[in-house]
Amino acid sequence: AQKVTQAQTEISVVEKEDVTLDCVYETRDTTYYLFWYKQPPSGELVFLIRRNSFDEQNEISGRYSWNFQKSTSSFNFTITASQVVDSAVYFCALNRAGGTSYGKLTFGQGTILTVHP
Amino acid sequence: DTEVTQTPKHLVMGMTNKKSLKCEQHMGHRAMYWYKQKAKKPPELMFVYSYEKLSINESVPSRFSPECPNSSLLNLHLHALQPEDSALYLCASSQQGPLNYGYTFGSGTRLTVV
């Protein structure tokens with residue numbers, strides 16, 4: 001069975017602070033995909049990143065960066081110099097690759113990020 | 001076009017009503033999904049369609065009836081719903097297999113059952 005744990009239920013920061021959202025996952029698959037999604041109050045799930053289990057390179061996209069560590073089954077997400085527009089619920093998710101790879105996305109419980117001006 | 005469009009955005013229905021939710025994408029994706037999301041919870045998968053055929057039904061009650069008329073459209077027919085079915089219903093699409101670079105979600109339909 002697959003499981004994704006986001007231990008931080010809510011995080012509150014002041015604008016320009018850096019913030020890291022933690023994600024720990026469990027899977028018996030050797031090949032899988034990890035995702036991060038952002039859900040603003042409007043409701044839409046906005047795709048941020050997909051990471052293949054064989055690719056442990058960290059990635060940076062503007063103010064966003066991701067740290068994938070297979071040894072600790074973690075896929076953490078850091079926002080540098082946070083802005084009010086970053087306020088949203090962030091979900092980490094896991095999907096098996098191969099076979100029915102279009103199947104079920106397993107989501108973490110989500111982390112509510114509030115950035116105060 | 002890189003969007004998944006869902007209509008209506010909001011829906012209020014009585015427990016004896018019949019209504020339908022609609023989802024449309026023109027990205028050439030051959031997998032489409034319905035998710036249900038309760039407040040302050042993550043999305044939960046309901047159905048998966050692959051090449052217009054139902055491939056996964058997560059033991060959803062029969063009062064929810066999905067339909068995939070063609071590769072661009074996905075409907076969710078609702079009948080005799082209960083108040084606890086009130087939620088955000090999200091549609092998503094993706095490519096298949098190794099081409100699956102991610103799931104594209106619509107903005108959802110907020111359903112209230114009274």
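Every chain is numbered from 1, with letters handed out A, B, ... down the list of sequences.
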Trainee: On a heavy-atom basis, which atom in G108(A) and which in P42(B) lie closest, and how many Å separate them?
Mentor: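 Heavy atoms of G108(A) and P42(B) come nearest at O-CB, 3.2 Å.
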Trainee: Would you call K40(B) and Q109(A) a side-chain contact if the rule is heavy atoms closer than 4.5 Å?
Mentor: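 K40(B) does not reach Q109(A) side chain to side chain.
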Trainee: Where do Y35(B) and L105(A) land on the side-chain contact (heavy atoms from CB on, under 4.5 Å) test, with the steps shown first?
Mentor: CA-CA 10 Å; Y35(B) 280 82; L105(A) 263 179; 3.3 Å; yes
Trainee: Is there a donor-acceptor pair under 3.5 Å between the side chain of Y103(B) and the backbone N or O of F47(A)?
Mentor: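 No, the answer is negative, given that no donor and acceptor are paired below the 3.5 Å cut-off.
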Trainee: Between Q6(B) and chain A, which part of the residue has a heavy atom less than 4.5 Å away: side chain, backbone, both or neither?
Mentor: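 No part of it gets close to chain A.
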Trainee: If you define the side chain from C-beta out and look only at heavy atoms, does anything of E44(A) sit under 4.5 Å from L88(B)?
Mentor: no
Trainee: Around atom CD of E84(B), are there more than 12 heavy atoms of other residues, nucleotides or ligands at under 6.0 Å?
Mentor: yes
Trainee: Do you reckon V24(A) sits in the same ILVMFWY cluster as F75(A), going by side-chain contacts under 4.5 Å, direct or chained?
Mentor: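 Not linked; separate clusters.
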Trainee: Return the CD to CZ distance between Q37(B) and F91(A), rounded to the nearest 0.5 Å.
Mentor: 5.0 Å
Trainee: Tell me, for E44(B) versus chain A, whether the close heavy atoms (under 4.5 Å) come from the side chain, the backbone, both or neither.
Mentor: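 For E44(B), no heavy atom lies under 4.5 Å from chain A.
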Trainee: Do the side chains of V4(B) and L73(B) join up, straight or via other hydrophobic residues, at under 4.5 Å, putting them in one cluster?
Mentor: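 No; tracing contacts between hydrophobic side chains, which count when under 4.5 Å, never links both residues.
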Trainee: For the hydrophobic clusters of this structure (ILVMFWY residues joined by side-chain heavy atoms under 4.5 Å, transitively), does one cluster hold both I49(A) and F68(A)?
Mentor: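 Yes; F68(A) is reachable from I49(A) via cluster members.
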Trainee: May I ask you to test the L90(B)-L45(A) pair for a side-chain heavy-atom distance under 4.5 Å?
Mentor: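 Yes, side chains in contact.
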Trainee: Look at atom NZ of K38(A) and say whether more than 12 heavy atoms of other residues, nucleotides or ligands are closer to it than 6.0 Å.
Mentor: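 Yes, enclosed.
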Trainee: If you draw a 6.0 Å radius around NZ in K70(A), do more than 12 non-hydrogen atoms from other residues or ligands fall strictly inside?
Mentor: yes
Trainee: Does atom NZ (K38(B)) have a neighbourhood of more than 12 heavy atoms from anything else shown, all under 6.0 Å?
Mentor: yes
